[in-house]
There are 2 protein chains.
Amino acid sequence: MKAAKAKAGRRRAGRPPLALLGPAQITRAALKLVSRDGYKALTMSKLAKSLNVAPSALYNHVRSKQELLRLVEDSLMARVDVSAFLDQPWDQAVSKWAHSYRDVFSSHLPLIPVIALLPVTNAPQTLLMYEAVTEGFLRAGWRSARIIDAIVALESFIFGSAYDVNAPSDIFAPGELGATAPAFSSAVAHRSNAGQLNDADAAFSLGLAALIAGLATTLV
Amino acid sequence: MKAAKAKAGRRRAGRPPLALLGPAQITRAALKLVSRDGYKALTMSKLAKSLNVAPSALYNHVRSKQELLRLVEDSLMARVDVSAFLDQPWDQAVSKWAHSYRDVFSSHLPLIPVIALLPVTNAPQTLLMYEAVTEGFLRAGWRSARIIDAIVALESFIFGSAYDVNAPSDIFAPGELGATAPAFSSAVAHRSNAGQLNDADAAFSLGLAALIAGLATTLV
DNA sequence: ACCTGAACACCGTTCAAGT
DNA sequence: ACCTGAACACCGTTCAAGT
């Protein structure tokens with residue numbers, strides 16, 4: 001923020017600011033790197049190389065790799081769709097928000113500890129997301145005292161479900177030890193949902209519907 | 001397993017086997033290291049040092065650090081209490097299991113991706129845990145086809161909640177940007193639960209009760 | 001203010017050489 | 001079969017020196 005402003009002051013009028021190094025450019029380059037090669041490729045030196053700069057130069061704009069991840073996380077948070085809270089019934093809005101939230105971060109699993117463990121301070125997009133959700137809860141009649149707990153509970157489910165999206169399809173294949181777990185092996189073999197959903201989506205839909213229905217009854 | 005047996009063959013009668021290097025000893029040493037200094041201290045070289053051995057020696061017993069984490073995870077799974085599924089009503093049993101599961105892994109967050117993403121093949125304790133839970137669901141009248149989805153949904157919530165246990169208490173402090181999210185800031189300020197629970201426990205209780213109640217209605 | 005280049009203290013893993 | 005010691009290809013981060 002501060003660095004960006006300082007630069008804006010030095011910038012000559014009419015010159016496109018896009019080439020200058022700053023938090024926004026670094027975040028953009030990080031997202032590009034991740035979308036091309038995954039999080040194993042998001043190292044300070046590879047990121048620096050993609051910006052034609054020495055690794056140590058990054059530390060003029062970012063305190064640590066943690067802070068970089070924080071920037072990336074916050075920028076992704078803008079992709080979470082909260083629009084349903086404006087004009088749809090609470091349960092439908094929660095469902096759409098939750099689906100969108102899971103889908104955004106299922107491709108960014110290493111950011112989940114960042115969201116779950118780091119304070120929202122100075123994460124403007126994250127704050128906007130929470131604001132929209134909170135307003136939706138208030139509009140639906142939720143008491144202020146319980147809204148954060150409900151959001152945290154939903155988020156916990158969403159984070160766990162984001163991992164599940166990336167699980168291999170044979171994650172429950174019991175292998176040679178199958179005989180020691182006959183009931184479980186049988187349940188795995190008979191796993192099936194009414195529709196044409198994949199396993200992760202089926203579990204997510206079931207859990208989300210249950211969670212929403214259960215929360216709705218405690219809304220009183 | 002194979003290595004342990006080979007060693008057992010070589011071992012002289014009457015000699016305590018505890019000093020020999022093998023998967024069980026390595027796992028035990030890893031847990032000791034983690035409980036003393038956390039996961040940042042669980043490196044191959046520190047683990048080797050704690051066993052008075054060269055780092056490369058570990059690779060005679062473990063294919064990679066991933067496999068080591070798998071061993072640690074599986075051994076921790078034995079601590080998850082599934083006993084309530086034997087003699088208590090389904091909803092109570094699920095609640096006790098979920099609490100125990102969350103409590104065990106809230107001190108082992110780096111293992112959550114391991115549980116969520118790695119096949120259960122050759123994870124005997126993990127398999128036993130799933131077997132006990134599945135039997136509990138069957139006894140309660142669940143149809144085989146939906147049991148795995150229900151367990152996955154519960155696990156997703158449990159994993160997310162394990163992160164939440166470790167969140168700092170000021171995680172939702174909006175900082176300087178609070179003015180941009182007034183409804184959220186107010187909800188954070190007014191957050192409170194009836195009882196004497198901490199924030200993480202309050203959200204976990206609320207979500208778990210909702211999830212269990214919601215799942216119970218789809219049980220039919 | 002912002003960059004480079006060298007350096008530091010680590011990582012996980014491989015592999016020839018020993019016993 | 002199992003170990004050691006050296007080596008490899010990396011990490012994130014710091015810091016003096018430049019402009």
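In what follows, every heavy atom counts, from backbone to side chain, and hydrogens, waters and symmetry copies are set aside. Every chain is numbered from 1, with letters handed out A, B, ... down the list of sequences.
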Which nucleotide in the set [options] lies at the smallest distance from any side-chain heavy atom of [X]?
X	options	value
Val53(B)	dG12(D), dC11(C), dT4(D)	dT4(D)
Ala57(B)	dC11(D), dT13(C), dT4(D)	dT4(D)
Met44(A)	dG12(C), dT4(D), dG12(D)	dG12(D)

Examine [N]: is either OP1 or OP2 under 4.0 Å from a nitrogen or oxygen in the side chain of [X]? Give yes or no.
X	N	result
Ser56(B)	dT14(C)	no
His61(B)	dC3(D)	yes
Asn60(A)	dA1(C)	no
Lys46(A)	dC11(D)	yes

Evaluate the side-chain proximity of Leu42(B) to Lys46(B): yes if any heavy-atom separation is below 4.5 Å, no if none is.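 No, their side chains stay 4.5 Å or more apart.
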Does any non-hydrogen side-chain atom of Asp81(B) lie less than 4.5 Å from one of Trp97(B)?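 With C-beta onward as the side chain, the pair stays apart.
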Under 3.5 Å for both donor-acceptor distances, Watson-Crick or wobble: does [N] have a partner, and if so which one?
N	value
dA17(D)	none
dC3(D)	none
dC11(D)	none

[X] has an atom [atom1]; how far is it from atom [atom2] of [N], in whole Å?
X	N	atom1	atom2	value
Glu67(A)	dT13(D)	CD	P	10 Å
Tyr59(A)	dA16(D)	OH	P	17 Å
Lys49(B)	dT4(D)	NZ	C1'	15 Å
Tyr39(B)	dG12(C)	OH	P	14 Å
Leu58(B)	dT14(C)	CG	P	13 Å

Is the closest basic N to carboxylate O distance between Arg102(A) and Asp201(A) below 4.0 Å?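 Between Asp201(A) and Arg102(A) there is a salt bridge, with a charged N closer than 4.0 Å to a carboxylate O.
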Do Glu67(B) and Arg70(B) meet the salt-bridge criterion of a basic N to acidic O distance under 4.0 Å?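 So Arg70(B) does not pair with Glu67(B) through a salt bridge.
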Measure distances between side-chain N and O atoms of Ser45(B) and base N and O atoms of dG12(C), and say whether any donor-acceptor pair falls under 3.5 Å.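 No pair found.
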May I have the step-by-step check of ring pair (Phe, Tyr, Trp, His ring centres under 6.0 Å) for Tyr101(B) and Phe105(B), ending in yes or no? CA-CA 6 Å; Tyr101(B) 199 166; Phe105(B) 285 98; 5.7 Å; yes
